[in-house]
There are 2 protein chains.
Amino acid sequence: MASPRPGSNMSAIAAALGVSAATVSNALSGKGRVSPELIEKVRAKAIELGYVPSLTARALRTGRTGVLGLVLPDIANPLFPQIAQAIENAASNAGYGVLIADSRGDIATQTEAIGRLLERGVDGMVIVPRRGTRIADIGCPVAVIDTPSTPGNTVSADHWEGGAQMGRHLAELGHAKVLLIGTSISSNVQNDRIGGLKAGLGPDAECETMWIEKVEAVSGEGCPLGLADKAAAGFTAFAAVSDLSALRALTELQRAGIGVPEMVSVTGFDDLIWSPVVTPALTTVRMDMAAIADLAIAALMRAIESEGEPEGDENEVVAGRVTSETDRVPMQLVVRQSTGTANLHASSDARTPNKPTAGELKS
Amino acid sequence: MASPRPGSNMSAIAAALGVSAATVSNALSGKGRVSPELIEKVRAKAIELGYVPSLTARALRTGRTGVLGLVLPDIANPLFPQIAQAIENAASNAGYGVLIADSRGDIATQTEAIGRLLERGVDGMVIVPRRGTRIADIGCPVAVIDTPSTPGNTVSADHWEGGAQMGRHLAELGHAKVLLIGTSISSNVQNDRIGGLKAGLGPDAECETMWIEKVEAVSGEGCPLGLADKAAAGFTAFAAVSDLSALRALTELQRAGIGVPEMVSVTGFDDLIWSPVVTPALTTVRMDMAAIADLAIAALMRAIESEGEPEGDENEVVAGRVTSETDRVPMQLVVRQSTGTANLHASSDARTPNKPTAGELKS
DNA sequence: AGTCTCTGATTAAACGTTTAAGCACGCATA
DNA sequence: TATGCGTGCTTAAACGTTTAATCAGAGACT
C-alpha cells in the first residue's frame, strides 16, 4: 500500500556486496571501523544502485528530522520573500529543510502553528516575532530575529544604527525639520529605527513622529496622511520606517504636486522590490538578510548540536533560545533619487528631476 | 543521544491500560475492532499522558510523510506571500506540512531543489513554474499553478478573462488608445492577460504592447519607460500586467506632471500589498488565491490517495501530473482611483484628485 | 453437543536506519 | 605459549508506528 520509495535501501547494497547492512551504514557515514577498500566498494555500489537514504528512517532512529521551522507571524509582510529566501538558502546549505508556518497575524494561530511544527519534529525554529511578541519557552531550540534591543533576540539587523545612517544622510543634506513615519507604535524594530533616525539627525533637528495606525484608526484604512499640509508647515523630509510607508508618502506628495526630491525628500527602509523602479527611486536602508540568516542558522546548529548534553556550558543556550556572539548586522544606506538638499522655499526648479547618479550605493 | 521526544508513545498508553500497543493504535485510528468503552479509555489516557504521535514513525511505516513541497522558482516575486499563505493554509487544513524550496530563478537550482524535496520524501508538490518552464515527470504527484493555456496546468486564475474584465472596464471609460505594459514576453501568464485585455478593449481600440525587459536590455535596469511621450502621443490608458509595473508607470507619470486619473488611467494586476495605499490607489485585478490553493491541494490529495493503486482510472492522473476539473478560477476586478474617463486633451482639472468612492469592489 | 461465525483483543513483523556490543582473527608483546 | 589489543566485520536491538495474521471466547445455528 505504501508507495515504494524510489531507489534501493541499505540492505540491497549489503546483499549485493555480501556484507551486513550495518557495515554499509558505517561505510557511508564513515563512523565505524571499515576498511578503505570496502568503503570504496560500498560507495560505488550505492551510486550504481541509485541509493538514496531514507531521511525518515534516519529521523526515527536518531531523533533528528533535519528540518527547521520558519515562523513568520505576519506573512503579509513584504519582507517575507527576502527572509524566506535567505533562511531557506542558509538552511539548505546546512543540510536542513525548511517547513513554513503561517499565523496570519493572529496570536492564537501562531501558537497553534508552532505546535504543528513541534509535532512534525522540527529540530529547531527561526521565529520573526510580530511586534515584540515574547516567544514562550517551547521544547526546541529557537532563533529569534527581531532587533538587538529585544531581550532574547538572537541576531538581527542593527536597526538603530541603520536609522542613524539615514539620519546623518538627511542632516548632511541640510534637513532640519523632519517628519518620521511609522506604522505601529508597538513595533520594537520601528522604534529602534526611529531612535536611530533622531540620533543621526542630531539634537538640533526638529522631529515629529506620525504613526499610521493611529491616523487610520481615526480616518480609515488607506486614508490620506495629510502630508501636503506637513510640507506647507515646513517639513522638508519625510523619513518612513518602511518602504511601504515611504511609497505611500511619495505618491501622496507627488499627487499633491510636491516635487520629490526638489521640494521635499522621502526615505524608506528595507529596499523592497519596488524601491529601485519607482520614480524617483527610493533612498532607503537595506538589511543584509543573507548574513542575518547565516548567523541565525549557525546559532541554531550550535544549539541543536549541544542539545541533550548533560547541562554543559550554559552560556550559549538559555531556556532553548540561542544567542549569537555577533547579534547585530550592519545595515547599508542606499542613496537613490528621492533625497536631495533641503529647500525651504521651493522655487522654479521644483519640476526638474535630478539626474540619476552613477554610483548608487554608498556604505 | 537522540533528544527524547516530548510526551509519551503508544506503548506507554498500552502499558498504563494493560493492553497491547496495537490496540491503542486501532483505538486511536478507529481502524481495527475495538470496543467502544476501550476506545474511550484509550482516548482519555492519551490526553492524560499528553500523547503526541510520532509522525516520523508513522511516515516510516506508511511511506507517507504528510509533507508537501512548495516550489516557487522565483521567490522574489511579490506574489509569493499570497501564494505561500494560501498554500500553507490549504495544506495545513488537509493535515499537511509545507516544505519550501527556492531556486532563485535558476533552472539548475530548481531541479536540485526539487531533488531535495524528493529526498525528504514529500508526498506531492505544488509548483508555480517560472515563465512556462515545463516540469519533467518526477516521481511524485505534482500540481502546477500557471495558467489555463499552459499544457499540464492543474489550476490557476483565469488570467485571460481577468484581462478581459479590465479591458471592458477601460473601454467603458472610453479609452481607445491603450499602452499595454508587460515585463517578460516569454511569460504565459502575461501573454494571457494581454490577450484578454485586447479582447476586452474590443477590436476598435488601438493597442501597443511594451515589454519592459526589452526596454531595459537597451537602456539599463530601472530606466525610465518614456511614458510621458506616450501620453503626449495620445495614449489615455496604461494597462500593466502586474501591479509592480503599474506602480512604476504611475510614479513615472506623476513625476512628469501627468495627472492620474484625470489625464491618463493606470491599471495593474494582482492587487499587491501597496496597491490600496498608494495615491491614487490602483485599479487592479485580483486572484482568488485561497480558491486556487484549495483546488490545487484537493487535486493533490486525490492523486496521493489514488497512488499505488493498480493503474485504475487513468483519467485523473497523467504522468504524475494532476488535473482539476475546474482548472480556472475567476479573477475579480477591483476598481479604485487610478482609472477615470478618457480625456484626450486634459484641461484645467488635471490636478484635481477625484474623491475615493465608498464601495471599492466591483465584481 | 458440535460446528460456525462474529467480536475484541493479541502477536509479530515490517518500514530503513543507527549504534552498542560482540566476535574472530592477526599481530605484537610479555 | 599465553595474554593483550587493535582491526574489520557481524549480530541484534532500537526508534514508534501500522497492519496482517492469529487466537480465545461467546453466542447462534444445525
Side-chain angles (χ1 to χ4, degrees), chain A residues 1-42 45-46 49-67 95 118-121 123 308, chain B residues 1-42 45-46 49-67 95 118-121 123 308:
Chain A
M1 172 154 291
S3 51
R5 295 192 333 106
S8 46
N9 54 18
M10 284 192 163
S11 316
I13 302 181
L17 259 55
V19 298
S20 76
T23 302
V24 175
S25 173
N26 284 330
L28 292 177
S29 69
K31 282 201 168 180
R33 293 181 301 215
V34 190
S35 68
E37 315 91 74
L38 186 47
I39 290 189
E40 214 29 66
K41 287 208 302 192
V42 168
K45 207 66 181 176
L49 296 182
Y51 169 69
V52 30
S54 160
L55 299 187
T56 307
R58 180 177 300 165
L60 178 58
R61 176 63 227 244
T62 63
R64 301 261 181 85
T65 53
V67 172
L118 284 178
E119 281 187 29
R120 287 234 137 70
D123 294 339
Chain B
M1 172 152 292
S3 52
R5 294 193 332 108
S8 44
N9 53 21
M10 284 191 162
S11 316
I13 302 180
L17 259 56
V19 298
S20 77
T23 303
V24 174
S25 174
N26 283 330
L28 292 177
S29 69
K31 283 204 165 178
R33 293 182 300 213
V34 190
S35 68
E37 315 90 74
L38 186 48
I39 289 188
E40 215 28 68
K41 287 207 306 192
V42 169
K45 207 65 180 176
L49 295 182
Y51 168 69
V52 30
S54 160
L55 300 188
T56 306
R58 179 176 301 166
L60 179 57
R61 176 62 228 243
T62 62
R64 302 262 182 85
T65 53
V67 173
L118 283 178
E119 280 187 31
R120 288 234 135 69
D123 294 339

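Order of the sequence lines fixes the chain letters, A, B, ..., with proteins taken first and strands second; residue numbering starts at 1 for each chain.
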Nearest-Å distance, CD1 (I13(B)) to P (dG16(D))?
13 Å
Name the closest nucleotide to the S35(B) side chain, picking from dG8(C), dT18(D), dT10(D).
dG8(C)
Check the pair M10(B) / L28(B) against side-chain contact (heavy atoms from CB on, under 4.5 Å), numbers first and verdict last.
CA-CA 10 Å; M10(B) 284 191 162; L28(B) 292 177; 4.3 Å; yes
Provide, to the nearest angstrom, the distance between the CZ atom belonging to R61(B) and the C1' atom belonging to dA14(D).
17 Å
Within the 4.5 Å heavy-atom criterion, are K45(B) and V24(B) side-chain neighbours or not?
no
M10(B) has an atom CE; how far is it from atom C1' of dT10(C), in whole Å?
15 Å
Could you pick out which residue, A57(B) or T23(B), lies toward the 5' side of DNA chain C when each is mapped onto its nearest nucleotide?
T23(B)
Do any N or O atoms from the side chain of R120(A) and from the backbone of G66(B) form a donor-acceptor pair under 3.5 angstrom?
yes
Is any side-chain N or O of K31(B) closer than 4.0 Å to OP1 or OP2 of dT18(D)?
no
Starting from P on dG16(D), measure out to CZ on R120(A) and report it in whole angstrom.
18 Å
Take atom NZ of K41(B) and atom P of dA9(C), then tell me their distance rounded to the nearest Å.
9 Å
In whole angstrom, what separates N26(A)'s CG from dT10(D)'s P?
10 Å
Please determine, for the side chain of L60(B), which listed nucleotide (dT10(D), dT11(C), dG16(C)) has the closest atom?
dG16(C)
When you measure from the side chain of A22(A), which nucleotide among dT11(D), dT17(D), dT17(C) comes out closest?
dT11(D)
To the nearest Å, how far apart are R58(A) CZ and dG16(D) P?
18 Å
Options dT17(C), dG8(C), dC15(C), nucleotide nearest the side-chain atoms of R33(B)
dG8(C)
Side-chain touch T56(A)/L60(A), heavy atoms, less than 4.5 angstrom
no
Testing dT19(C), dT17(C), dC9(D) for proximity to the side chain of L38(A), the answer is dC9(D)
To the nearest Å, how far apart are I39(B) CD1 and dT7(C) C1'?
13 Å
Is the backbone N or O of T65(A) less than 3.5 Å from a side-chain atom of D123(A), with the two atoms forming a donor-acceptor pair by type?
yes
Under 4.0 Å: is that the gap between some side-chain N or O of T62(B) and OP1 or OP2 of dT18(D)?
no
With a non-hydrogen cut-off below 4.0 angstrom, is S20(B) in contact with a base, only sugar-phosphate, or nothing?
base
